[in-house]
> 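The structure is given below, and queries will be raised subsequently.
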2 protein chains.
Amino acid sequence: MISVDAFDLKILSALQDDGRLTNQELADRVQLSPSQCSRRRMRLEQDNVITGYRAELASDALGFGVVAFIQITLATHSPDNAERFRSLVGRIDAVQEAYSLTGDADYVLKAVLRDLKGLSDLVNNVLMPHQSVAHVRSSIVLDRLKDSARLPLKQLANG
Amino acid sequence: MISVDAFDLKILSALQDDGRLTNQELADRVQLSPSQCSRRRMRLEQDNVITGYRAELASDALGFGVVAFIQITLATHSPDNAERFRSLVGRIDAVQEAYSLTGDADYVLKAVLRDLKGLSDLVNNVLMPHQSVAHVRSSIVLDRLKDSARLPLKQLANG
DNA sequence: TAGCATTTGCACGCTCCTTGCGTGTCGTGC
DNA sequence: GCACGACACGCAAGGAGCGTGCAAATGCTA
């Protein structure tokens, strides 16, 4: 298991909030020297605790007006069919996230689209006709209460 | 409306993949000088097209073994009740994302937890007992097919 | 307490960032 | 057709930040 101490947690937490912090700024926040922050950060990257850095973009400002959750039930649950479906999902750029789930549906997708026409296209012309898919049910996002993409690292502090 | 040209799209796309690219590396990728990349990047940040930079962490490596989608139906749909629920959700760190939706449920939450006990706690001791909530249904993530958090900027290239 | 391994802060050479400046290009109005 | 203003561009330079080497400090084991 990778060991992550209190300093590492502070660093991870800070970088979760601002991924472009310089080592000097990091140093101020976690009470360590810049060089040590640099070293620790490199280790965390090497150990794949930090898997990357991403710019977060304003989807609305860029013209993506529609976000939808799409629940999918497969036609059959054979490995072949599942593989076909995974391959399909991988090729659709509009699908940001895809998970297999317990419960009613087999999969849930989160898709980002320009407008309702885009969603309609995706559902009716791509997903529904695909041989691997039996059932599709989509829910459109009306309001975004929270979208942090941050892990609750505080919970690890006392453990 | 904010104008975003082909260069900007390239920059956004590159920074979506690697948010710590230097302006020199950016310059190589988009065929522009480093100074221009710097200027454009600053403008995109100023205009809130880029809303921030985040380090992406390996949830499993940090001991977050359970991700769940939780569908919520409110007890009543009064503004007061909705506000109570929003406030509740805002205070729960384990809830990464929260959306109000069309369809069966009023809201869907995406929660990240250490283990099933954590999920049980959240559902049975926090959400269920809350006065604003009538119905809770949770689905556990079995497998993550895709989790890119990237906007499909390619779709904007020809528009 | 002695000894070893790890972690820390500091110094320095090097890279990179950003701002000012001059140039080129495009569109507009006279 | 030409002059002018508004941008967007690349270049250069001063300044900031990065990461490695090194010695001191800390912590753990025997």
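Letters A, B, ... are given to chains in the order of the sequence lines, protein chains preceding strands, and every chain is numbered from 1.
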> Kindly determine whether Ser148(A) and Gln96(B) satisfy side chain to side chain donor-acceptor pair (under 3.5 Å), including the steps that lead there.
CA-CA 6 Å; Ser148(A) 68; Gln96(B) 271 190 337; 5.6 Å; no

> Between the axis at one end of the helix from dT1(C)-dA30(D) to dC30(C)-dG1(D) and the axis at the other (five pairs apiece), what's the angle to 10 degrees?
30°

> Expressed in angstrom and rounded to an integer, what is the separation of Leu26(B) atom CG from dT18(C) atom C1'?
14 Å

> Without decimals, in angstroms, what is the distance between Glu25(A) CD and dC18(D) C1'?
13 Å

> In whole angstrom, what separates Met42(B)'s CE from dG20(C)'s C1'?
13 Å

> Counting the benzene-type ring for Trp, do Tyr107(A) and Tyr99(A) have ring centres under 6.0 Å apart?
no

> With nearest nucleotides of DNA chain D determined for Leu32(B) and Arg41(A) from heavy-atom distances, which residue corresponds to the more 5′ nucleotide?
Leu32(B)

> Starting at CG of Asp28(A) and ending at C1' of dG9(C), how long is that distance when rounded to a whole Å?
15 Å

> Taking any heavy-atom pair under 4.0 Å as a contact, classify Arg43(B): base, sugar-phosphate, or nothing.
nothing

> Please confirm whether the shortest side-chain N or O distance from Asn23(B) to OP1 or OP2 of dC16(C) is below 4.0 Å.
no

> So does Glu97(B) pair up with Lys110(A), basic N to acidic O under 4.0 Å?
yes

> Who pairs with Phe64(B) by ring pair (Phe, Tyr, Trp, His ring centres under 6.0 Å), at least two apart in sequence or on another chain?
none

> Give the B/S/- string for nucleotides 21-27 of chain C, one per nucleotide from 5' to 3', where a protein heavy atom under 4.0 Å of the base yields B, of only the sugar-phosphate yields S, and otherwise -.
-------

> Go through the N and O atoms of the side chain of Ser35(A) and the base of dC10(C), and report whether any donor-acceptor pair is under 3.5 Å.
yes

> Would you indicate what Thr22(B) reaches in the nucleic acid, counting non-hydrogen atoms under 4.0 angstrom: base, sugar-phosphate, or nothing?
sugar-phosphate

> Using only atom types and a distance under 3.5 Å, with no angle test, would you say the side chain of Gln36(B) pairs donor to acceptor with the backbone of Ser33(B)?
no

> Given dT18(C), is OP1 or OP2 found less than 4.0 Å from the side-chain N or O atoms of Ser38(B)?
yes

> Can you check the Gln24(A) CD to dG19(D) P distance for me, whole Å?
11 Å

> Would you name the heavy atoms of Gln71(A) and Ala105(A) that are closest together and state the gap between them?
CB-CB, 3.8 Å

> Ion pair present between Asp8(A) and Arg43(A), side-chain N to carboxylate O less than 4.0 angstrom?
yes

> Could you check how far CZ of Arg20(B) sits from P of dT15(C), rounded to whole Å?
19 Å

> Just by distance, with hydrogens left out, do His135(B) and Asp106(B) show a side-chain donor and acceptor under 3.5 Å apart?
no

> Please confirm whether Arg20(A) makes a cation-pi placement over Tyr53(B), using NZ or CZ under 6.0 Å from the six-membered ring centre and within 45° of the ring normal.
yes

> Give a yes/no answer on whether the side chain of Gln36(A) brings an N or O atom under 4.0 Å of OP1 or OP2 in dG9(C).
no

> Which atom names give the shortest non-hydrogen contact between Ile92(B) and Leu127(B), and what distance separates them?
CD1-CD2, 4.2 Å

> Rounded to the nearest angstrom, tell me the gap between atom CG in Asp5(A) and atom C1' in dT6(C).
12 Å

> Taking CZ from Phe7(B) and P from dA8(D), how many angstroms apart are they, rounded to a whole number?
12 Å

> So, does Arg40(B) get its side chain near the phosphate of dC9(D), meaning an N or O under 4.0 Å from OP1 or OP2?
yes

